Every structure is written in structure tokens, then in C-alpha cells.
Novice: 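The structure is given below, and queries will be raised subsequently.
What you are looking at is a predicted structure, and each value in this text was computed from that prediction instead of being measured.
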Amino acid sequence: MSATRPSTQRRLVVPPATPQPKPHISLEEWDAKAPLSDLALKSVAAIKAASEKAPLPLKFNVQEDASRPSTPNLRVAAKLGSGSRPSTPVPAVTRLLPSHALDPKAPVQTPQQFYDWFAQIDRSVAHSQEAHFRAHLAMVTEHLATADMLIERIDEVESEVDGMFEEWRSVERSGKSLKDACERLLEERDELLELTDEISSRLEYFQELEHATRMLNHPGESLVLQTDFLYMVERVDICIEYLKVHRHYKEADVYLLRFQQCMTRAMTLIKMFFIGSLRALTADVSRRLSEKDVSATAEMHLLYTRFRSVTPQLAPLLGELERRAAAHPEELSALLSECHTAYFSARKALLVGRLMEEIRGLDPARTELVELTNAGCSYLKHLCMDEFDLFREFFDSGEDQLYPYLENLCDYLYDDLRPRILHETRLTTLCEVCTVIQALMVLDVVELPDELPDELSVDLDHPKPRGLRKLHISHLLQMVLQDAQTRLFFKAQSVIQAEIRYYVPKPEDLAYPDKLVAARKPASQFDIKEKESVSRLFQLSSLDKKETWYPTLQKTVSVLSQLHDFVKPAIFEDIAQEAVSLCRQSLVSSSSIIGQRNAPVSTLDGELFLVRHLLILKEVTNNLDLVWKDAQPRTDLGGMTDTLASILNRTTALLPDALFASLGMPRGHESITDARQDIDQDLKHACQNLISLCAKTPCEPLRDWVDRVRAFDNSRAVPPLTNQPGSVPLLTEQDWARQSAAEDLHAKFVESCECDFRAAVTKLRLYLEDNRTVSVLLTHVREAVVDGYMGYRDVVWNMYAGALRGVVLSEERLKERLSVICDE
């Protein structure tokens, strides 16, 4: 049976899945996208109707029992019955029915007929026994046929589905191709549109040349005043910048050259319009100024207000020219320079006559130099400020040409002022001239703020850049100030040489201490004011009696005080070095003259004179705040007393190198190249000499006696030449070494302390005046006297078997006595 249905083993072939996931499609979408034909619809309807009436299985078919012949055995048993029971009588109707097909048609009469009938029966029985097999075989055959038919239909459906899948894939491929083609077309369209826009945007720069050329081909005075003119200039400028960046475009250089020519033509029109307007305005103002009886107010109106009235029309045009000249200096800077030149020429033609009249009104030949400087420079300052403000109304650039123009206006006054300054001989006048000029330079024009308020802003879209923000008056007055400073410097040098270096002292200049005694009388009100001014300038808290100063010191302070604020620091440093050095030398030489005048009485006066004036000179140099060359850093010293205290407090009395170590002064072996160091060195030696002189008178006899005693003791220590007894005398047997001589020496020391030392203390107070300053020096003088006396005391303490112990003074008693003398 398996051979009769080979197609039962076939399986539905499922199409392979597509590489890409398939989208889910609903039944409605399928019906919409794949409609069925009429024949297909009829077939579906027939299948649906057949499926609704399913037949019963064959084993339940009732017709089979009716048509199926019964088993012979059963029929025979039924005919024979059981036992000898007679059969049921057959009705008459039954006998009338047709007989069975196997019944003989005629009575059996011969054996052959019987055999034939029996063979027929036998075949019928055999056939009847195999009927259910044949029925089952027919049923199976029918099922196989139905299965084959279904398989055929399934194959047809599969082929149809495969075709549909193939057609769907074809449609999908075709749709994707179509989509890709559409997308490519859209991209190409977008590229073409973008390319078209880019070409159009680029062509706009080239097409602008025709518009600019057409506008410039119809020139006229009113062309630059049209609204489209500046807009055209702006577009041409943009085109120039664009073509400079894209020089690789075809014919870009040619168009760039033509655009530049258009720009040059447009800026030339602006220049011509500005110069023409300026000439017309200048001619009108000049004509009206030449009229008689023109007041000062009318002149100011004509010179400034009339010019400002045209700035709303000209300033925007000039601003465009300035901006383009800054961007293209090679082509347009000459045009802007011509505008500046024309403006300055017009202004100079209008102002020179009026300026000369003002200068003649000042009368330079008779007016005092300071008054002339003040009046003339003030007038020029206001004139330059007015000119600067008016220039700013028109231009925002041109500073390099503006200042030469203003300096040319100032030259008319300088020509009369410079000779007066160069021939001035008074330092005070030259200082006043410098003061006037510096005051005018300080009172300068206030610089404008970086951002103007909203109400002052003219154009917010194109704010006007302010290149000229401030007028520097110092540039204009610098030449006169330099002339005055140069003259002041050379005059100061000549004064230093004549009145300091080569100064010949008069007898009254060296009359010390008489000048100090005379200065103790009450001073006049004028002298008090003068002293206060000097003290305030140099911060001299002591020794401010200027009339007691040596003339060279007075002149040094006077010259340096006048030069300090009027010359440059470097120049002032050089001249101050020279003046201080020469003043120091003159003080040293004058001190020697005073000391030699009436030696040894005046020797102390000479040293006190030198200490007094060197302290003043040192304090002057400290307060001038000079930057000395090769000077070591030092602590700022306050007054003269603090200076002297710091010199002497931390030193030993007569140690040359250690005496001034606290000030950082140079040692004796170091080179002295600075004026301040020279002052320190001279002051150190003067203080040493002063301390020695004050202690010399009371202590010198004691030192001589002690030296004689030590020399005698040293001579006794040498072995005698002879062995005679008594050939070596005793110290106490000498006349000069007797006890009475030692007592007389002590009495003379006490008397000298009471007289000479007291006189020295009085002179110290007279010369130095300040108690603190005197106490600093006296401290070291007392130490020197005590050191000298202690040497004598140590010698006589045990020399006379203690006989003078009650006579000589102890160190504490001597210090107390000296302190009493110093404090009186």
C-alpha cells in the first residue's frame, strides 16, 4: 500500500526566511495589496461550502448493510432454522418479489447446470467474503486519491505562495531600488539647489560691480549725500574682502582690481566733496572775519560754531574714509592725508592772524618772563584745546599730523619766549617758569570714557570709534619746559662752580662761635617764615637757623631745593652729587681755617663747625631721597640727632673702623666713590677728633705722667751696667713722682674738669644746640675722660702705699661729677 501512495511522505516546503526581518502585514493589508480574481473567489466559496458538510465515515454507512450480501452460512442457518421446526409461511406478496440474482433462472435439470450454478454460488460466496476488503481498499484508494488531490493542491498552493513570495521580493527589491533612486534624486535635487544657492551667493559679489559702476558713472555733488552711496561703499568693501580671501575664483583678480578702483573713486568723491565744502566755508568765514568791528564772541562763532555746523554732513563721510584708509592703507591713506592737510591749511589760514595779534598784545619785550609764560602758555593751551575738540568733530585719526599742526601754532609764542628763557640769569625766575609750565601740563584734558551713554550714542549699529581721546598738553609745552630746565641746569652749575667750589670765605663767614652767639637774639618774622620753609622742604627738625650756616651750605640747599622739582631725576642726581661733594670739600677746608686761626683754642671750634655742618648736609642728602650710585641699602635716618646717636651709641670711643659700623659706612681700607660716603667718612673723623679734643685738656697731663712712670719702670727692669749698690734709684725718690706731685696733678685734673671740660660742654651746646644731640656726643666724651683718668688711678692706687686712695676718685664718683658738669 505504501507503493500506491508515494506522495503521502511529501512535506510542505516552507520558503527560506529572507535575510532581512519581514514586516508584519495584517489580513486587511494583504487583501488590499493582493486582491483575488473572480475564479479564485468561486473556488474559495466552493471549498467553504464543502467543508461545512463533512461526510460520515464509511464504517457508519447504512447503505453498506443493505447492499452487502449476507454470509452463506448465516443464510443457510437462517433457512434451516433449529431442529425440525417448520419455516414460517411466506406471505403471498413475498413470493411475488423478484428472486435473488444468484437464483437459477431455470430449474436445474442437469449436473452441468448444477455445477455451473454451484460455481456461480461459490464465486459469489468468495466474492461476498472479500467484500469488506474490497470496500476498505476502495475507501483507502479513495482516501489516497483525495490525499493525492490535496497534495497536488498543496503543491499548487506552495508554488503559488512561492511565486507570491518571489513576486513580493521582486516588488520589495523594485521598491527599494525605486526608493533609493528617489532618494538619490532628492539628494541630487538638494545638491543642485544648494549649488544654485551657492553660485547665486557668489555671483552676488561679482554682480555688485555693475551696480557700483552704474552709480559711480553718474557723479555729482549730491552723490555722496545720497543714502545709497554709503551703502554701496559698504558693499564694495565687503566684496573686496571676499575676493581677497577667494583669489582662486576665476577672474577674481580682475574683479578685485575693479572693486578697488570703485572704492578709490568713491573715496576720491568724498575727499573732493570735503575739500570743496571746506574751501567754501573757509572763504565765507575769512570774508566775514575781515569785516570791521568783529567782536570776540563773533570770532569764536565764526571759527568754531560755523565749522561745527557742517560736521553732521561731513563727519559720516570722513568716518567712512578713515575706516577704509585703515583697512586699505596703500590705496587710500594718501586721500585721508590730503583731507588732513586741507583741514590744517584752512584752520591755519584763519588762526595765524588772530594768534599774532594776541601775542603782540602780550608785549613779549616788556612783560616779565613768568607773567609772559603764564599768559602765553595759558592762551595756547585753550587754543589747542579748542582746535583739538574741533578736529575731533571731523576726524577720529590723524594724531601724527595734529600735534605738528598744534606745535606750529605754539611756535609763534615760542619764538619770543625761548630767547627770554635762554638769557634769564635768575634761578628763582627760571623755577617759577618751570612751575607755571608744569601746572599747565598737569591740568590736562580729562580722558573720555570708553563707552558713551545711550543718549550720546549717534549710531548704535555703527558706533564711531574714538581714536583721539585725549589732548596731551605736555607734548606741546615740553619744548618750552625743556628749554627752561636746560637753562636752569646750566645756571645752577654755574652757581655751584662760582659760589660753592670757588667760593672765597670772608672773615665774617668764619666768625665762629660769634655768629652762633649773635643768632641767639630774637629773630624777625621774615626770618622765621624762611626757616619754616627750609625746614618744611628738607624736614630739618634741628639746626634750622639758616643764617648761622656756612654760605656754601646755604647755597647748596638753596640750589638743590629749587632744582628738585624742575629737572629730571637723573639730571638732578648728577648735579646734587656735584653740589654736595663740593659743599663738603668747602666745609672741610673752612674747618681747617677756623682751627688754625687761633690754635689751640680754635681747634675745637673748627671741629665743632665741621660736625655741625656735616650733620646738616647729611640730613639734607637723606631728605632729598637721592638714588646714590654704588650705595649700600640703609635704614632711613630720621633727624640729625638720630643720625648722630646711631653713629656713636653702639661704638667704642676711639676705634676708627668700628665707630661708624652701625650706619654701614665704609671701612678705612675701602674705596670711597660716593658723596654720601665721603660725608660719612669726614663726619666720622670729625667726631673722633672732637671727642679727642674734649678729653685731651683734662686727661693729657695724666697720660703724660703715667707714660713717664711706665718708662721709668721699664728702665729699671734693664740690668745695670755696674754692680755698685744704690746705682738704681727708686721711683718715689724722683721729684716728679713724689706724692705731693701726684696730688698736685690730681688737683689740676679736677680744676681742668671744672673749667676746660665745662667750657667744652658749653661750646658743644652752642654749636649743636639740641640737647639730645649734645648728650650723644657727651656720652662718648665722658667715656674718654673716664678711660684716661682710670689709667692714672690704677698707677697711683698702690704706688704710695695706699696714701692716695682717699684722694683719687673712683669710677662712679668721677662719672657722677662729670655728669653734673654736663647737665648744668
Side-chain angles (χ1 to χ4, degrees), residues 191-220 222-275 311-341 392 394-401 450-452 457-469:
E191 291 175 358
L192 291 175
L193 292 176
E194 183 178 357
L195 180 62
T196 303
D197 295 337
E198 290 180 357
I199 293 175
S200 301
S201 62
R202 286 164 173 75
L203 285 178
E204 288 179 358
Y205 295 98
F206 295 89
Q207 294 171 353
E208 188 63 30
L209 178 63
E210 181 181 357
H211 174 72
T213 305
R214 185 170 59 253
M215 176 174 287
L216 293 174
N217 286 336
H218 299 82
S222 60
L223 176 61
V224 296
L225 301 179
Q226 295 180 5
T227 306
D228 294 339
F229 177 77
L230 294 181
Y231 181 63
M232 179 271 295
V233 171
E234 183 69 23
R235 289 182 295 177
V236 169
D237 192 11
I238 295 173
C239 293
I240 291 175
E241 295 298 329
Y242 181 81
L243 292 177
K244 283 183 177 180
V245 178
H246 302 84
R247 286 182 174 269
H248 57 281
Y249 287 173
K250 185 178 181 181
E251 299 184 358
D253 293 335
V254 176
Y255 276 86
L256 177 60
L257 179 61
R258 292 181 180 178
F259 275 120
Q260 290 175 346
Q261 292 174 352
C262 292
M263 179 62 70
T264 303
R265 289 179 60 188
M267 296 300 105
T268 304
L269 291 177
I270 292 177
K271 183 206 72 172
M272 295 174 61
F273 180 78
F274 170 72
I275 295 177
T311 54
Q313 186 181 52
L314 298 178
L317 299 176
L318 293 175
E320 293 295 327
L321 177 57
E322 287 176 329
R323 283 208 303 146
R324 300 312 185 280
H328 313 286
E330 297 83 2
E331 298 86 2
L332 305 178
S333 58
L335 297 177
L336 181 60
S337 179
E338 291 180 12
C339 293
H340 290 157
T341 303
R392 287 184 69 253
F394 287 91
F395 299 97
D396 288 323
S397 62
E399 185 175 0
D400 296 338
Q401 293 177 313
D450 294 336
E451 296 182 359
L452 295 176
S457 180
V458 178
D459 189 358
L460 297 179
D461 295 333
H462 300 283
K464 189 176 183 181
R466 287 295 180 182
L468 300 172
R469 291 186 174 275

Novice: Mind listing the closest non-hydrogen atom pair of Leu216 and Phe229 along with its distance?
Specialist: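 Smallest heavy-atom distance, with atoms named: CD2-CE1, 4.4 Å.
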Novice: Provide the closest heavy-atom pair for Gln401 versus Ser337 in the form atom of the first, atom of the second, distance.
Specialist: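 What the structure gives for the nearest pair is NE2-OG, 3.2 Å.
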Novice: Let me confirm one number: the CD-CD distance from Glu204 to Glu208, rounded to the nearest 0.5 Å.
Specialist: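 Glu204 CD to Glu208 CD: 9.0 Å, rounded to 0.5 Å.
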Novice: I need the single residue from Arg323, Glu322, Met267 that forms a side-chain contact (heavy atoms from CB on, under 4.5 Å) with Leu332. Which is it?
Specialist: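 The single option meeting the side-chain contact (heavy atoms from CB on, under 4.5 Å) with Leu332 is Met267.
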Novice: Relative to the ring of Tyr205, is the ring of Tyr242 parallel (under 30°), tilted (30 to 60°) or perpendicular (over 60°)?
Specialist: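 Taking Tyr205 first and then Tyr242, their aromatic rings lie parallel (interplane angle under 30°).
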Novice: Would you mind checking if Glu251 and Arg258 are paired as a salt bridge, meaning a charged N to carboxylate O distance below 4.0 Å?
Specialist: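 Salt bridge between Arg258 and Glu251, a charged N being under 4.0 Å from a carboxylate O: no.
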Novice: Output the distance between atom OG1 (Thr311) and atom CG (Leu317), rounded to the nearest 0.5 Å.
Specialist: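 One finds 11.5 Å between OG1 of Thr311 and CG of Leu317.
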Novice: Taking all atoms of both residues into account, what is the closest heavy-atom pair of Ala212 and Cys262, and its distance?
Specialist: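 That closest heavy-atom pairing would be CB-SG, 4.4 Å.
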Novice: What's the spacing between Leu243 CG and His248 NE2 if we round to 0.5 Å?
Specialist: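 Result: 10.5 Å between the selected atoms.
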Novice: For residues Pro316 and Pro312, report the shortest heavy-atom separation together with the two atoms involved.
Specialist: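 Taking every non-hydrogen atom into account, CD-O, 3.3 Å.
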Novice: Heavy atoms only: give me the nearest Arg247-Ala252 pair and the separation to one decimal.
Specialist: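 In terms of heavy atoms, the two residues are closest at O-CB, 3.8 Å.
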Novice: Strictly below 4.0 Å, N to O, side chains only: are Arg324 and Glu234 in salt-bridge contact?
Specialist: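 Looking at Arg324 and Glu234, the cut-off is met.
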Novice: Does atom CG (Asp400) have a neighbourhood of more than 12 heavy atoms from anything else shown, all under 6.0 Å?
Specialist: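 Open: at most 12 neighbouring heavy atoms sit under 6.0 Å from CG of Asp400.
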Novice: Could you walk me through whether Gln260 and Leu256 pass side-chain contact (heavy atoms from CB on, under 4.5 Å), step by step?
Specialist: CA-CA 6 Å; Gln260 290 175 346; Leu256 177 60; 3.8 Å; yes
Novice: If we ignore hydrogens and angles and just use 3.5 Å, is the side chain of Asn217 paired with the main-chain N or O of Thr213 as donor and acceptor?
Specialist: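 Confirmed, Asn217 side chain pairs with Thr213 backbone.
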Novice: As an exercise, state the distance from CD of Glu191 to OG1 of Thr196, rounded to the nearest 0.5 Å.
Specialist: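 Between atom CD of Glu191 and atom OG1 of Thr196 there are 11.0 Å.
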Novice: Let me confirm one number: the NZ-CD distance from Lys271 to Glu338, rounded to the nearest 0.5 Å.
Specialist: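 Taking NZ in Lys271 and CD in Glu338, the distance rounds to 4.0 Å.
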Novice: Does atom CD of Glu198 have more than 12 heavy-atom neighbours from other groups under 6.0 Å away?
Specialist: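 Above 12, so yes.
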Novice: Report the C-alpha distance between Phe395 and Phe274 in whole Å, list the side-chain angles of each, state the deciding distance to 0.1 Å, and finish with yes or no for ring pair (Phe, Tyr, Trp, His ring centres under 6.0 Å).
Specialist: CA-CA 12 Å; Phe395 299 97; Phe274 170 72; 5.8 Å; yes
Novice: Kindly indicate whether the side chain of Glu331, heavy atoms from C-beta on, has any atom under 4.5 Å from the side chain of Gln261.
Specialist: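 Not touching, per the 4.5 Å side-chain cut-off.
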Novice: If you apply the rule side-chain contact (heavy atoms from CB on, under 4.5 Å), what do you find for Gln313 with Phe273, and how did you get there?
Specialist: CA-CA 11 Å; Gln313 186 181 52; Phe273 180 78; 4.1 Å; yes
Novice: Return the CD1 to CE distance between Ile240 and Met263, rounded to the nearest 0.5 Å.
Specialist: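 With rounding to 0.5 Å, CD1 (Ile240) is 4.5 Å from CE (Met263).
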Novice: Stepwise, does the side-chain contact (heavy atoms from CB on, under 4.5 Å) test hold for Asp237 with His328?
Specialist: CA-CA 10 Å; Asp237 192 11; His328 313 286; 3.2 Å; yes
Novice: Would you say His211 and Arg235 are linked by a side-chain donor-acceptor pair, where the criterion is simply a distance under 3.5 Å?
Specialist: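 Yes.
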